[in-house]
Every structure is written in structure tokens, then in C-alpha cells.
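To keep things clear, I will list the structure first and then write my remarks on it.
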Amino acid sequence: IVLGNALVNMYGKCECLDDAWEVFWRLTERDVVSWNTLISVCAHLERRDQVWQLFEQMRLEGLLPDRFTFVSILDACITQAALVKGKMVHDCFLSSAFNMDVMVGTALVTMYGKCGSLKDAERAFENMPRQNSVSWNAFIGAFAQYGEAKQAIHHFKRMKQKLDPDKVTFTIVLNSCSHAGLVDEGWDIFSSISQVYGMVPAVDHYACMIDLLGRLGRLAEAEDLLCNVPCERN
RNA sequence: UUGAUGACAG
């Protein structure tokens with residue numbers, strides 16, 4: 001069964017949905033991992049109808065969804081029209097232990113954020129029993145995505161009082177500065193990567209800064225930075 | 001064996 005599940009996963013990751021589907025149905029036994037694997041594959045390929053169909057079928061076969069299942073289901077709710085469905089799924093586990101799960105909570109924040117419901121994203125985030133850097137990134141990213149750079153920076157500052165930002169955090173916040181044209185804030189944050197956090201700025205961070213300068217038409221500075229990127233450029 | 005956050009290229 002482990003081998004079968006791995007096969008479903010392999011075909012899915014290769015985007016061979018038909019093959020994944022066929023292997024799945026040929027399995028003599030299917031456990032919760034088998035279902036999760038195919039549901040996750042369908043979610044990533046944006047086959048939302050199939051996600052719902054499988055979710056229903058697995059329950060008909062008497063299997064209980066776990067946190068992996070819910071993460072994929074929430075993934076499939078990422079589209080404007082699915083906000084209602086997303087809330088339904090949320091209600092499904094509102095009073096269960098899944099509501100306490102960091103990864104399910106993060107998937108919720110992402111879902112609400114991508115559906116444009118920043119209020120719900122904020123509520124879901126604040127209701128999480130604890131937040132790790134991935135949760136913070138999802139939360140900050142929700143504001144960044146909607147051009148709320150000031151809010152993104154505000155929550156970034158809150159995050160810094162609790163735990164250290166990571167590489168993804170800086171990418172999100174710098175990108176947000178780039179879209180809002182916040183060049184001073186961008187430079188401050190960029191400098192803090194090495195000066196405050198002792199991290200080596202990644203090529204992604206240089207790319208964000210170059211993008212920021214470029215959008216403002218400050219091409220000489222952008223080029224200068226590009227020529228001075230100390231790591232390997234992509 | 002399945003899982004949450006990522007900008008540019010677009």
C-alpha cells in the first residue's frame with residue numbers, strides 16, 4: 001500500500017493525473033494516505049470538482065479526514081467563488097482538534113487571504129493557539145497580495161517581536177515594498193537581513209530590491225545593485 | 001508514501 005501510494009504521488013507530481021487516478025483505483029486497499037495523496041494531487045492541479053468528489057467518497061468508505069486532508073481541501077477553496085465552501089470546511093472542524101493545528105490554521109489563513117477576505121484571515125490567524133514563521137508569512141502575505149504594504153509592514157514588525165523572520169518573510173515584505181514603491185522601507189528591511197538577523201541576503205532578496213528600484217525608474221541604482229550581487233545570479 | 005507561507009520572469 002505504501003508503494004501504491006508513492007506511485008500515485010509520483011504520477012501526480014508529474015502531472016499525469018490520469019495515471020495517478022488509475023493506480024489509485026487499482027489499489028486493492030486504500031488508506032487515508034492514499035486518499036490524501038490523490039486529493040492533494042487534484043488540488044494542486046486545480047481539479048476542484050474531483051477534490052470534492054474524492055472527499056465525499058472517502059467519507060462514504062468510512063475513512064475520517066485528517067489534517068492533511070483538510071489542508072488540501074482548503075487549497076481547493078482558493079478562488080473567489082469558493083469562499084462559501086471554505087467557510088463550510090472551516091465550520092467542519094471549528095470545534096475539533098484540527099482547529100488547534102498550526103498547519104491547518106495556516107492553510108485557513110492562506111485560503112481567506114487568497115479569497116480576498118482579509119478580515120477572516122486575520123480572525124483565523126489571531127485564533128490560532130500558536131503561530132510559527134510559516135503562519136506569520138501566510139498572514140503577512142495576505143496583506144502583501146492585496147497591496148496593503150503598510151499593513152504588511154505593520155504585521156512584520158509585530159512578528160519580529162515574537163520570532164525571527166525567515167527567508168520567505170523577507171521575500172514577501174520586500175516584494176510588498178516593491179509594489180508600493182516604498183524604497184526607504186525596502187532598503188531598511190534589506191539591510192536588516194544581515195545587520196540585525198545575521199543572515200546572508202539571498203538572490204531572491206536582491207531580485208526584490210532590483211525590482212523595487214526598477215519599477216521606480218531608478219535604473220542606474222538597479223543596475224549597480226545587480227552588478228554587485230555577491231551570490232550566484234539566476 | 002500524503003501536508004501549510006514566496007516575489008520577478010508573467
Side-chain angles (χ1 to χ4, degrees), chain A residues 1-13 20 23-24 27 29-44 51 54-55 58 63 65-78 86 89 93 98-114 121 124-125 128 130-145 147 149 152 155-156 159 163 165-180 182 186 189-190 201-215 222 225-226 229 233-234:
Chain A
I1 196 162
V2 171
L3 184 59
N5 292 345
L7 264 177
V8 172
N9 186 41
M10 186 272 289
Y11 280 122
K13 290 277 172 11
V23 172
F24 176 84
L27 295 176
E29 266 190 301
R30 285 175 283 274
D31 61 7
V32 67
V33 176
S34 324
W35 289 92
N36 288 346
T37 304
L38 191 57
I39 289 175
S40 155
V41 162
C42 290
H44 280 113
V51 169
L54 289 165
F55 184 48
M58 87 179 273
L63 284 162
D66 63 9
R67 58 201 199 123
F68 295 81
T69 323
F70 279 116
V71 166
S72 296
I73 298 285
L74 288 169
D75 220 13
C77 293
I78 295 177
V89 175
F93 59 76
F98 294 122
N99 207 35
M100 308 287 280
D101 188 86
V102 194
M103 286 186 297
V104 174
T106 304
L108 248 189
V109 172
T110 304
M111 187 276 289
Y112 281 131
K114 294 238 164 90
F125 180 77
M128 289 172 66
R130 67 181 192 86
Q131 293 97 354
N132 62 17
S133 64
V134 180
S135 334
W136 276 101
N137 292 346
F139 183 53
I140 295 169
F143 292 96
Q145 174 155 351
H155 291 298
F156 172 61
M159 173 188 187
L163 76 172
D166 63 15
K167 180 183 162 181
V168 173
T169 319
F170 287 114
T171 308
I172 293 167
V173 180
L174 288 176
N175 167 58
S176 183
C177 292
S178 160
H179 283 91
L182 300 175
I189 292 164
F190 182 80
V203 64
D204 308 39
H205 304 134
Y206 282 95
C208 288
M209 288 309 296
I210 292 164
D211 185 51
L212 168 50
L213 294 166
R215 281 175 196 267
L225 186 58
L226 173 62
V229 173
R233 289 172 293 193
N234 59 17

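In what follows, every chain begins at residue 1, and chains take the letters A, B, ... in the order their sequences are listed.
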>> Are the side chains of A:Asn5 and A:Asn36 in contact, using a 4.5 Å heavy-atom criterion?
In response: no

> Rounded to the nearest Å, what distance is computed from the CG atom of residue A:Leu74 to the P atom of nucleotide B:U5?
Replying inline: 11 Å

> Could you state the CG-C1' distance from A:Leu27 to B:U2, rounded to the nearest angstrom?
Replying inline: 13 Å

> So, does A:Ser176 use its side chain to make a donor-acceptor pair with the main chain of A:Ile172 at under 3.5 Å?
Replying inline: no

> What nucleic acid atoms does A:Arg215 come within less than 4.0 Å of, heavy atoms only: base, sugar-phosphate, or nothing?
Replying inline: sugar-phosphate

> Between A:Asn36 (CG) and B:A4 (C1'), how many Å, whole number?
Replying inline: 14 Å

> Between A:Val203 and A:Arg233, which heavy-atom pair has the shortest distance, and what is it?
Replying inline: CG2-CA, 4.2 Å

> Contact class for A:Thr37 vs. all strands (heavy atom < 4.0 Å): base, sugar-phosphate, or nothing?
Replying inline: sugar-phosphate

>> Work out how far the C1' atom of B:G6 is from that of B:G10, and round it to whole angstrom.
In response: 15 Å

> So what does A:Asn132 hit on the nucleic acid, given a heavy-atom distance under 4.0 Å: a base, only sugar-phosphate, or nothing?
Replying inline: base

> Reckon A:Asn137 touches a base, only the sugar-phosphate, or nothing at all at heavy-atom distances under 4.0 Å?
Replying inline: base

>> If I take atom CD1 in residue A:Ile73 and atom C1' in nucleotide B:A4, what distance separates them, rounded to the nearest angstrom?
In response: 14 Å

>> Quick check on B:G6: is either OP1 or OP2 less than 4.0 Å from any side-chain nitrogen or oxygen of A:Lys114?
In response: yes

> What is the nucleic acid contact for A:Thr171, judged by heavy atoms within less than 4.0 Å: base, sugar-phosphate only, or nothing?
Replying inline: base

>> Please check: side-chain N/O of A:His44 versus main-chain N/O of A:Lys13, any donor-acceptor pairing under 3.5 Å?
In response: no

> How long is the line joining CG of A:Asn175 and C1' of B:G10, in whole Å?
Replying inline: 13 Å

> With sequence neighbours excluded, what pairs up with A:Gln131 under the side chain to side chain contact (heavy atoms under 4.5 Å, CB included) test?
Replying inline: A:Phe125, A:Met128, A:Ser135, A:Trp136

>> Regarding A:Val71, tell me which of base, sugar-phosphate or nothing describes its non-hydrogen contacts under 4.0 Å with the strands shown.
In response: sugar-phosphate

>> Can you measure A:Leu108 atom CG to B:U5 atom C1' for me and round it to whole angstrom units?
In response: 14 Å

> A:Asn234 CG to B:A7 P: how many Å, rounded?
Replying inline: 15 Å

> Which residues within residues 201-212 of chain A lie with some heavy atom under 4.0 Å of an atom in RNA chain B?
Replying inline: A:Asp204

> Does B:U2 have OP1 or OP2 sitting under 4.0 Å from an N or O in the side chain of A:His44?
Replying inline: no

>> Let's see if you can work this out: which of B:A4, B:C8, B:U1 has an atom nearest to the side-chain heavy atoms of A:Ala107?
In response: B:A4

> Does A:Thr37 use its side chain to pair, donor to acceptor, with the backbone of A:Val33 at less than 3.5 Å?
Replying inline: yes

>> Using ring centroids (six-membered ring only for Trp), state whether A:Phe55 and A:Trp35 fall under 6.0 Å.
In response: no

> Stepwise, does the ring pair (Phe, Tyr, Trp, His ring centres under 6.0 Å) test hold for A:Phe190 with A:Phe170?
Replying inline: CA-CA 8 Å; A:Phe190 182 80; A:Phe170 287 114; 9.2 Å; no

>> Counting only side-chain nitrogens and oxygens, does A:Asn5 get under 4.0 Å of the OP1 or OP2 atom of B:U2?
In response: no

> Within this structure, what is the CD-to-C1' distance between A:Gln131 and B:A4, rounded to whole angstrom?
Replying inline: 14 Å

